[in-house]
Amino acid sequence: MMKRVIWLISGLNRRMMKLLFALALIAYIASVWGTYTNMRSIQEHGEMKIEQRIDEAVAPLREKIRDLEQSFSQKYPPVKFLSEKDRKRILITGGAGFVGSHLTDKLMMDGHEVTVVDNFFTGRKRNVEHWIGHENFELINHDVVEPLYIEVDQIYHLASPASPPNYMYNPIKTLKTNTIGTLNMLGLAKRVGARLLLASTSEVYGDPEVHPQNEEYWGHVNPIGPRACYDEGKRVAETMCYAYMKQEGVEVRVARIFNTFGSRMHMNDGRVVSNFILQALQGEPLTVYGSGAQTRAFQYVSDLVNGLVLLMNSNISSPVNLGNPEEHTILEFARLIKSLVVSRSQIQFLPEAQDDPQRRRPDIRKAKMLLGWEPVVRVIRGRCTRNDRETQLITS
Ligand SMILES: O=c1ccn([C@@H]2O[C@H](COP(=O)(O)OP(=O)(O)O[C@H]3OC[C@@H](O)[C@H](O)[C@H]3O)[C@@H](O)[C@H]2O)c(=O)[nH]1
């Protein structure tokens with residue numbers, strides 16, 4: 001009986017064992033399968049992650065390639081072909097500024113190789129961006145206060161803030177730019193045998209006692225006033241040019257530039273043309289400093305650029321005035337802008353600026369006689385516009 005019971009139990013056990021064994025096998029297979037599928041999904045997930053990472057890393061490269069492709073197919077303004085003999089390597093310091101960028105356009109379109117150097121204090125990359133990538137064009141972010149080593153035939157030295165609020169913002173920097181910067185450029189001109197044209201200014205005449213101002217006039221400048229950093233900076237820059245000419249035989253040209261206006265003048269430039277246009281377009285009062293009886297004569301930037309190129313390529317080494325002799329009082333000019341804009345702005349009289357020149361008008365007989373140059377754009381007609389960054393008086 002006992003034996004039978006043991007047999008039954010062991011028989012049951014065997015079955016149980018088999019059952020347990022089968023269950024364990026199924027559990028094992030299930031767990032192996034689970035791990036396998038889990039690993040696969042981890043692997044797939046990992047692969048997706050890697051792909052995503054690659055995509056992220058490649059995205060900027062793809063963008064760069066697209067930009068490059070675009071730049072190859074970019075349409076530049078038309079450029080003349082010049083033979084090797086006539087094509088010059090030209091450096092423009094301050095070439096991304098208001099006047100510099102228009103000069104860049106002219107020289108590029110004439111077929112020259114142009115290198116623009118700018119520290120972007122008042123210059124803007126967007127003023128020359130339409131040339132970026134062109135084989136004749138190069139843009140260098142550089143401050144002329146540091147030496148520059150480059151091979152060129154001509155240097156247009158324009159680098160300096162020109163608007164009174166800009167040049168008074170950091171007078172020491174303005175002085176360094178006009179003195180050390182000019183020395184560096186003259187040193188470069190000497191080393192490579194280049195001709196240098198200095199963009200000087202009507203401000204060398206200060207608050208003039210001679211009217212209109214001719215090139216023989218020595219000026220009336222306050223050496224310690226708020227404008228001195230620019231006036232005296234430009235005067236010493238002229239002195240440096242003639243010292244290098246006499247002592248080192250450097251070929252120099254000096255343009256005394258009178259008030260100029262045109263496109264790419266920044267809205268916050270602070271000079272009277274952009275201030276009045278912006279104020280009139282916004283219906284704000286036109287701010288006249290002092291009584292408004294002080295006079296200025298405004299030339300259009302295209303006239304100035306033509307004059308600069310003519311002067312550079314002439315044989316006149318003494319200073320030459322470049323400006324439009326059409327003279328207006330500032331009050332007349334405020335009324336003119338109001339009428340062009342058809343604005344209901346009031347005229348607001350503010351305190352007079354210290355040392356503000358009271359009468360200014362260029363005598364341009366020298367430029368007419370020796371360069372055959374005179375301005376062709378009249379200021380008195382036109383219309384005013386603005387976009388998000390500049391105001392413009394479009395002349396007709
Ligand atoms: O909002 C303004 C701005 C300026 N003005 C006046 O308008 C006259 C012209 O002032 P701007 O600031 O345009 O220019 P300035 O003639 O004083 O200096 C300029 O001279 C020639 C260039 O070398 C330079 O670009 C700049 O220094 C000044 O009498 C000034 O006091 C106003 O009445 N209201």
Side-chain angles (χ1 to χ4, degrees), residues 94 97-100 102 122-123 157-169 171 174 177-178 198-208 213 219 221-222 225-235 237-238 254-262 264-282 284-301 304 307-308 319 321-324 327-338 345-362 379 391 393:
F98 158 54
V99 174
H102 285 283
T122 55
H157 180 38
L158 274 58
S160 171
S163 148
N166 286 339
Y167 68 61
M168 289 182 204
Y169 170 75
T174 303
T177 304
N178 282 295
L198 171 72
S200 184
T201 168
S202 53
E203 296 231 18
V204 297
Y205 301 123
D207 186 7
Q213 295 79 53
V221 172
N222 174 2
R227 302 175 86 97
C229 56
Y230 186 68
D231 301 8
E232 297 287 24
K234 288 289 186 186
R235 284 165 72 93
E238 286 195 12
V254 173
R256 290 187 179 152
I257 302 172
F258 283 65
N259 296 62
T260 307
F261 72 99
R264 301 188 193 145
M265 239 181 160
H266 199 266
M267 265 195 319
N268 305 325
D269 177 273
R271 274 177 278 193
V272 72
V273 179
S274 44
N275 273 9
F276 282 179
I277 296 175
L278 189 63
Q279 291 161 344
L281 287 169
Q282 290 179 333
E284 286 172 4
L286 270 63
T287 52
V288 169
Y289 304 155
S291 68
Q294 70 271 37
T295 66
R296 293 294 187 274
F298 299 97
Q299 74 181 323
Y300 195 60
V301 68
L304 170 63
L308 291 174
N321 287 342
L322 293 177
N324 189 326
E327 185 182 358
H328 298 279
T329 68
I330 292 303
L331 190 55
E332 275 167 13
F333 190 65
R335 292 193 179 121
L336 168 74
I337 298 289
K338 246 170 74 83
S345 292
Q346 302 293 309
I347 291 180
Q348 182 185 15
F349 292 92
L350 294 179
E352 184 182 321
Q354 194 190 330
D355 294 342
D356 196 5
Q358 290 307 295
R359 292 189 80 189
R360 184 187 286 162
R361 175 184 165 204
V379 180
T391 57
L393 174 52

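Positions are given from 1, in the same order as the sequence printed here. Both counts, for ligands and for their atoms, begin at 1 and track the order of listing. Heavy atoms only: backbone and side chains are in, while hydrogens, waters and symmetry mates are out. Keep in mind it's a predicted model, so treat the numbers as computed, not measured.
The protein non-hydrogen atom at the shortest distance from atom 29 (O) of ligand 1 is Asp356 OD2, 2.6 Å. In terms of protein heavy-atom proximity, atom 19 (C) of ligand 1 is closest to Glu203 OE2, 3.4 Å. Atom 16 (O) of ligand 1 has Arg296 NE, 2.6 Å as its closest protein atom, hydrogens excluded (heavy atom only). Among protein heavy atoms, atom 5 (N) of ligand 1 sits closest to Tyr289 CD1, 3.5 Å. At the shortest separation from atom 34 (N) of ligand 1 among protein heavy atoms lies Thr287 O, 2.6 Å. The single protein non-hydrogen atom nearest to atom 17 (O) of ligand 1 is Arg227 NH2, 2.7 Å, given as residue, atom name and distance. At the shortest separation from atom 1 (O) of ligand 1 among protein heavy atoms lies Asn275 ND2, 2.8 Å.
Ligand 1 places these atoms under 4.0 Å from at least one heavy atom of Ser202: 21 (C). Less than 4.0 angstrom separates some heavy atom of Asn259 from each of these atoms of ligand 1: 14 (O), 15 (P), 16 (O), 19 (C), 20 (O), 21 (C). Here is the list of ligand 1 atoms found below 4.0 Å of a heavy atom in Ile330: 7 (O), 8 (C), 33 (O). Ligand-side atoms of ligand 1 in range of Arg360: 15 (P), 16 (O), 18 (O), 19 (C), 20 (O), 21 (C), range being under 4.0 angstrom from any heavy atom. Close approach of ligand 1 to Tyr230 (heavy-atom distance below 4.0 Å) involves ligand atoms 23 (O), 27 (O). For ligand 1 and Val288, the ligand atoms under 4.0 Å from any heavy atom of the residue are 33 (O). Per-residue contacts place Thr201 under 4.0 angstrom from the following atoms of ligand 1 (heavy atoms of the residue considered): 22 (C), 23 (O).
Not counting sequence neighbours, the partners of Pro226 by the side chain to side chain contact (heavy atoms under 4.5 Å, CB included) test are Met168, Gln354, Asp355.
Proximity of a side-chain donor or acceptor of Gln294 to a complementary backbone N or O of Gly292 within less than 3.5 Å is detected. For Asn324 (side chain) and Ala297 (main-chain N/O), no donor-acceptor pair under 3.5 Å exists by modelled atom type. A distance-only check finds a donor-acceptor pair linking the side chain of Lys234 to the backbone of Ala199 [under 3.5 Å]. In this structure, the side chain of Thr174 does not engage the main chain of Cys229 through any donor-acceptor pair within 3.5 Å.
Atom CZ in Arg335 sits 5.5 Å away from atom CD1 in Ile347 (nearest 0.5 Å). Rounded to the nearest 0.5 angstrom, Ser345 OG and Phe276 CZ are separated by 10.5 Å.
In plain terms, the two heavy atoms of Pro208 and Pro357 that are nearest each other are CD-CB, 4.2 Å. Scanning both residues, Ser291 and Leu331, for their nearest heavy atoms gives O-CD2, 4.2 Å. Nearest heavy atom pair, residue Ser200 against residue Val254, reads CB-CG1, 3.9 Å.
At a 3.5 angstrom cut-off on N or O pairs, Gln279 does not count as close to ligand 1. Residue-to-ligand polar distances place Val272 within reach of ligand 1: an N/O pair is separated by less than 3.5 Å. The N/O atoms of Ser163, backbone and side chain alike, include none that comes under 3.5 Å of an N/O atom in ligand 1.
Contact analysis puts Ala162 in contact with ligand 1, with a non-hydrogen atom separation below 4.0 angstrom. The shortest separation from a heavy atom of Phe333 to ligand 1 is not under 4.0 Å, leaving the residue out of contact. Within the 4.0 Å heavy-atom cutoff, Glu352 does not count among the residues contacting ligand 1.
The parts of Arg271 lying near ligand 1 are both backbone and side chain, judged by heavy-atom distances below 4.0 Å. At a heavy-atom cutoff of 4.0 Å, ligand 1 is contacted by no atom of Met168, backbone or side chain.
Between Arg227 and Asp356 there is a salt bridge, with a side-chain nitrogen of the basic residue lying less than 4.0 Å from a carboxylate oxygen of the acidic one.
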Exercise for review: Take Arg264 and Asp269 through the salt bridge (Lys or Arg N to Asp or Glu O under 4.0 Å) test and state the conclusion after the steps.
Suggested key: CA-CA 10 Å; Arg264 301 188 193 145; Asp269 177 273; over 6 Å; no

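Taking the six-membered ring where the residue is Trp, the centroids of Phe333 and Phe298 are separated by under 6.0 Å.
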